[in-house]
Visitor: 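Let me begin by handing over the structure; questions about it come next.
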2 protein chains.
Amino acid sequence: MIRILLADDQALVRGALAALLDLEPDLEVVASVATGDAVVPAALSVRPDVALIDVQMPGLDGLAAAAALHRARPETRIVILTTFGRPGYLARAMAAGAVGFVVKDATPEYLIDAIQRVHSGLRVVDPGLAAESLAAGASPLTARERDVLVAAAQGATVRDIARGLHLSEGTVRNHLSAAIGKTGARTSAEAARLAETNGWL
Amino acid sequence: MIRILLADDQALVRGALAALLDLEPDLEVVASVATGDAVVPAALSVRPDVALIDVQMPGLDGLAAAAALHRARPETRIVILTTFGRPGYLARAMAAGAVGFVVKDATPEYLIDAIQRVHSGLRVVDPGLAAESLAAGASPLTARERDVLVAAAQGATVRDIARGLHLSEGTVRNHLSAAIGKTGARTSAEAARLAETNGWL
DNA sequence: GCCTGACCGTGACAACCGTCATGGGTCAGA
DNA sequence: TCTGACCCATGACGGTTGTCACGGTCAGGC
């Protein structure tokens with residue numbers, strides 16, 4: 001019997017996944033939480049074999065929660081589940097100690113198989129996504145460039161960003177310019193969009 | 001026995017929802033499709049009582065698919081299911097002939113209850129979202145303003161938009177300026193973001 | 001020590017964007 | 001018929017953005 005912890009912020013998806021997994025005779029959902037912060041306490045309490053963690057969650061996000069869980073309870077095998085197959089997510093998930101990575105486009109059979117493989121000690125990664133991840137490479141952005149891009153992605157102006165990060169406007173423009181060059185974009189808004197789809201933010 | 005058609009582009013969610021609904025003794029998933037274009041043919045073939053349609057789908061989107069289904073087979077009661085509770089979505093869903101609107105944050109019980117209510121002739125709308133929808137009101141954007149905003153949301157420059165829509169740059173700037181005024185934004189990127197979260201694109 | 005490279009910051013300039021005033025065209029409704 | 005709403009265009013303006021050249025700081029390698 002494989003004991004599973006579910007973490008997903010959408011109650012409907014959480015409930016539906018639980019129903020799906022509980023149909024399998026050798027799987028058992030023993031806990032399900034809605035936030036990243038709740039993952040570690042729940043895991044320590046129910047001692048699951050496998051944790052299925054969504055990336056998008058309020059509070060601590062799925063990748064950070066995975067890292068915390070890996071530190072707190074390395075016996076639990078972590079599978080990251082996500083809507084968006086962003087290359088950067090895969091890299092960060094692996095760095096966080098995850099051993100599986102499944103996108104929500106996958107079939108239910110694939111997910112169940114992935115859980116079983118992971119439980120038996122294997123790693124499970126979508127080969128197409130892995131290739132894409134290698135192609136996109138690691139994030140070329142510096143910490144500051146990331147900061148200004150996340151702000152720009154919210155629609156902030158250069159002045160807003162400068163105030164928010166306590167920088168001069170010229171410096172913000174420089175960081176943005178560097179990010180534009182590195183992403184191959186032609187405008188800060190486009191750079192923010194590209195960085196986001198690559199999972200660099 | 002309530003016969004249900006499921007439409008969602010994510011195979012995992014589709015399968016999980018089917019598992020969840022099939023657990024109910026009076027519900028039966030009789031078809032599940034991954035694209036908006038497949039909704040009407042499937043409905044004509046299996047004659048479902050209720051159609052559960054996600055907004056985000058490739059090809060024909062969920063709202064357009066709902067409208068087509070309502071025309072082709074008005075007996076089928078339509079429930080729109082969506083990740084994002086955007087006010088504009090609700091308005092368009094109702095205009096498309098939907099009688100239910102459920103966000104993926106809802107609990108499984110709520111969804112099941114909604115399906116049963118809808119089948120018995122009632123309408124089901126999240127009251128909080130309905131209030132938000134009234135507050136945000138209908139889209140204030142003209143058709144052209146919408147066009148330039150969707151292009152701007154991709155990160156296109158004024159020149160790109162002008163070329164893409166065969167307009168002069170000045171005209172594009174005028175439309176953008178009008179959209180910025182109507183959305184209360186201060187920049188075209190921000191206007192695009194706001195319009196998107198309101199479901200006006 | 002010295003050099004190198006990566007980062008942060010400044011100032012100046014050209015290009016672009018947002019606003020406004022103005023004009024012309026179409027089309028629906030009073 | 002006139003009015004109002006929408007579309008397209010032009011031209012000009014001030015403010016913002018993107019780029020560049022230039023310094024300064026700091027960690028790591030020779």
Side-chain angles (χ1 to χ4, degrees), chain A residues 88 91-92 95 136-201, chain B residues 88 91-92 95 136-201:
Chain A
R92 280 196 277 162
S139 170
L141 303 174
T142 71
R144 265 328 206 194
E145 287 160 8
R146 228 191 69 254
D147 291 342
V148 299
L149 273 193
V150 303
Q154 319 289 330
T157 68
V158 168
R159 185 168 312 172
D160 296 334
I161 303 172
R163 279 206 236 286
L165 298 180
H166 304 292
L167 294 177
S168 111
E169 297 187 17
T171 303
V172 172
R173 281 202 290 273
N174 268 340
H175 288 313
L176 281 177
S177 183
I180 289 170
K182 287 177 179 177
T183 55
R186 280 168 319 162
T187 197
S188 58
E190 194 183 356
R193 237 178 36 80
L194 286 171
E196 183 136 53
T197 65
N198 278 325
W200 291 340
L201 303 188
Chain B
R92 280 195 278 162
S139 170
L141 303 174
T142 71
R144 262 333 204 189
E145 287 160 6
R146 229 193 70 253
D147 291 341
V148 299
L149 273 192
V150 303
Q154 320 289 329
T157 68
V158 168
R159 185 168 312 172
D160 296 333
I161 303 172
R163 279 206 236 285
L165 297 180
H166 304 291
L167 295 177
S168 107
E169 297 186 18
T171 303
V172 172
R173 280 204 293 273
N174 278 339
H175 287 311
L176 280 178
S177 184
I180 288 169
K182 288 177 180 178
T183 55
R186 280 170 319 163
T187 194
S188 58
E190 194 183 355
R193 238 177 36 80
L194 285 172
E196 182 137 54
T197 66
N198 277 326
W200 292 339
L201 302 187

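Proteins come first, then strands; the chains are lettered A, B, ... in the order of their sequence lines, and each starts at number 1.
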Visitor: What's the CG-P distance between B/L141 and D/dC7, to the nearest Å?
Guide: 10 Å
Visitor: Within the 4.0 Å limit for protein heavy atoms, which parts of nucleotides 18-23 of chain D are touched? Write it as a string from 5' to 3', B for base, S for sugar-phosphate only, - for none.
Guide: BBBB--
Visitor: Any pair with a residue in residues 189-201 of chain A that passes salt bridge (Lys or Arg N to Asp or Glu O under 4.0 Å), sequence neighbours left out, goes on the list, sorted by first then second residue, please.
Guide: none
Visitor: Taking five pairs at each end of the helix from C/dG1-D/dC30 to C/dA30-D/dT1, what angle separates the two helix axes (nearest 10°)?
Guide: 20°
Visitor: Can you list everything that forms a side chain to side chain donor-acceptor pair (under 3.5 Å) with A/R173? Sequence neighbours excluded, please.
Guide: none
Visitor: Donor-acceptor pair, distance only, cut-off 3.5 Å: does the side chain of B/Q154 make one with the backbone of B/A151?
Guide: no
Visitor: For B/R163, which residues count as a side chain to side chain donor-acceptor pair (under 3.5 Å) partner, sequence neighbours excluded?
Guide: none
Visitor: Output the rounded distance in Å from CD (B/E145) to P (D/dC6).
Guide: 8 Å
Visitor: Roughly how far apart are B/S188 OG and B/H175 NE2, rounded to 0.5 Å?
Guide: 14.0 Å
Visitor: Could you tell me whether B/T142 contacts a base, only the sugar-phosphate backbone, or nothing, with contacts defined as non-hydrogen atoms closer than 4.0 Å?
Guide: sugar-phosphate
Visitor: Partners of A/A191 by side chain to side chain contact (heavy atoms under 4.5 Å, CB included), sequence neighbours excluded?
Guide: A/L149, A/I180, A/T183, A/A185
Visitor: Got a sec, which residues hit side chain to side chain donor-acceptor pair (under 3.5 Å) with B/T171, two or more places apart in sequence or on another chain?
Guide: B/S168
Visitor: Among residues at least two apart in sequence or on other chains, which ones pass salt bridge (charged side-chain N to carboxylate O under 4.0 Å, His left out) with B/R144?
Guide: B/D147
Visitor: Please state how far atom NZ in B/K182 lies from atom C1' in C/dT19, giving the value in whole angstrom units.
Guide: 16 Å
Visitor: Please determine if a side-chain N or O atom of B/R144 lies less than 4.0 Å away from the OP1 or OP2 oxygen of D/dC6.
Guide: no
Visitor: So, using side chain to side chain donor-acceptor pair (under 3.5 Å) as the criterion, who are the partners of B/E169 when residues are at least two apart?
Guide: B/R159
Visitor: Atom CZ of A/R146 and atom P of C/dC7: how far apart are they, to the nearest Å?
Guide: 13 Å
Visitor: Please give, in whole Å, the distance from C/dC17 P to B/H175 NE2?
Guide: 16 Å
Visitor: Taking DNA chain D as the partner, which of residues 161-169 of chain B come within under 4.0 angstrom of it by heavy atom?
Guide: B/L167, B/S168
Visitor: Could you grab the distance from atom NZ of B/K182 to atom CH2 of B/W200, nearest 0.5 Å is fine?
Guide: 10.0 Å
Visitor: Holding to side chain to side chain contact (heavy atoms under 4.5 Å, CB included), I want the full list of residues that pass it with B/D160, two or more places apart in sequence or in another chain.
Guide: A/R186, B/A156, B/T157
